[in-house]
Engineer: 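Here it is, the structure in full.
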Amino acid sequence: MRGRQPRDPPRPAPARAYHRRVPDPRPDDVTPSAAATTVPDLAGPLLPWYLAARRDLPWRAPDATPWGVLVSEFMLQQTQVDRVLPRWHAWLDAWPTPADLAAALAGDAIRAWGRLGYPRRAVWLHAAALQIVERHGGRVPDDLDALLALRGVGNYTARAVLVFAFGQRHPVVDTNIRRVLARAVDGVAAPGPPNARRDLAAMARVLPRDAGRARQFTWAIMELGALVCTARTPACDRCPITDRCRWLLLGRPATTSRPARRQARYEGSDRQARGRIMARLRAATTPLTEDALIAGAPDATQARRALASLVRDGLAVRAEAAEASQTRPSGARPGDGADEPHPCWRLP
DNA sequence: AAGGCGGGGTA
DNA sequence: TACCCAGCCTT
């Protein structure tokens, strides 16, 4: 048998899965070596272009608070700027500080999230606000590990807050940056599979030394990916770095790598079933029976499965019996019998 | 490493 | 229709 010795005593699991967290690149990863030759100067042409072409976004304004930046990053996870803007304003009007959100019900956050999609993000942002109050006195932390320990904050969001809210110099990599670097530096049409450590090192290689310029450069390269160097039809005729983009200089070769995993069709999916239930929960002012939640669903089994998954995600909770008064048969009283024929559900 | 998770806009 | 989007979490 294996001689497992007590020299390796079991230790309590960390509160968060730090093993998945990726540290900033070490200088060794960034310093040009024999393998990593010179990289093009992207900041030179990109910064002036950005100053002229940038969108006027409120979370980039000088008066944006770290909390406002954090809220924007949550909302922008897989959701486009135009859809986020109105919800971001309403959110900060309602909850200008983490403490304001922490004092609210998660259900109010879910309602304010509206149809932005992935409503778990609203639950996570609410949980993060509670953590910010409990651990950091209500101030958004300006430390990488502290940010990564917040619910719903991953490698992108944590560094985005450090850079955009606090002006620190860190590499940041999102889907736009991955694509621009794949084309401009690697000379390929599309980035390979995401690899946080490698992607961060690639960004670190082109990041200006000065923290202020690095911040502007990060905004700039993301803006380029969003407005010019787009996934489908890049507008190279409007690109400020055509003289040094390796992909363009190679003649824009088609991608050779396997396309990224596709998302399953939405029509008829469990996601759609969840979305329908969430719409009813958001609209309801009193708890709803399961029958009311799944009425009209094309697949009742799927709808019940969706409701169960929403409960697991903290997006729906069982209502207390007293709250569901309208569903109780007349004459019945709380505690009558052991049966509870009409379980009810509401937002948390 | 892969799969689940919204929903709207665009080609 | 299929693809895309300022990702994160779980398994």
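All of these numbers come straight from a predicted model, not from anything done at the bench.
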Engineer: Under a 3.5 Å distance rule, please check whether A:Trp67 uses its side chain to pair with a backbone N or O of A:Trp95 as donor and acceptor.
Structural biologist: yes
Engineer: Nearest whole Å is fine: how far is C:dC8 C1' from A:Arg120 CZ?
Structural biologist: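 These atoms are roughly 8 Å apart.
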Engineer: Checking all strands, does A:Gln272 fall into the base, sugar-phosphate, or nothing category for heavy-atom contacts under 4.0 angstrom?
Structural biologist: nothing
Engineer: Pick base, sugar-phosphate or nothing for A:Ile177, based on heavy-atom distances below 4.0 Å to the nucleic acid.
Structural biologist: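 It contacts nothing in the nucleic acid.
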Engineer: Quick one: label A:Arg60 by what it contacts on the DNA or RNA (base, sugar-phosphate, nothing), any heavy atom closer than 4.0 Å.
Structural biologist: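 The answer is base, as A:Arg60 lies within the cut-off (heavy atoms under 4.0 Å) of a base atom.
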Engineer: Classify A:Ser72 by what it touches in the nucleic acid, base, sugar-phosphate, or nothing, heavy-atom distance under 4.0 Å.
Structural biologist: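 No contact at all - A:Ser72 keeps every heavy atom at 4.0 Å or more from the nucleic acid.
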Engineer: Are OP1 or OP2 of C:dG7 and a side-chain N or O of A:Gln78 less than 4.0 angstrom apart?
Structural biologist: yes
Engineer: Considering only heavy atoms from C-beta outward, does the side chain of A:Arg60 approach that of A:Arg54 to under 4.5 Å?
Structural biologist: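 Yes, side chains in contact.
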Engineer: Reckon A:Arg265 has a side-chain N or O less than 4.0 Å from the OP1 or OP2 of B:dG7?
Structural biologist: no
Engineer: Rounded to the nearest 0.5 Å, how far does CH2 of A:Trp113 lie from CZ of A:Phe74?
Structural biologist: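 So the gap between those two atoms works out to 7.5 Å.
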Engineer: Base, sugar-phosphate or nothing for A:Arg115? Non-hydrogen atoms, less than 4.0 Å.
Structural biologist: sugar-phosphate
Engineer: Using a 4.0 Å heavy-atom cut-off, does A:Thr175 contact any base of the nucleic acid, only the sugar-phosphate backbone, or nothing at all?
Structural biologist: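 Sugar-phosphate: the residue A:Thr175, judged by heavy atoms under 4.0 Å, touches backbone atoms but no base.
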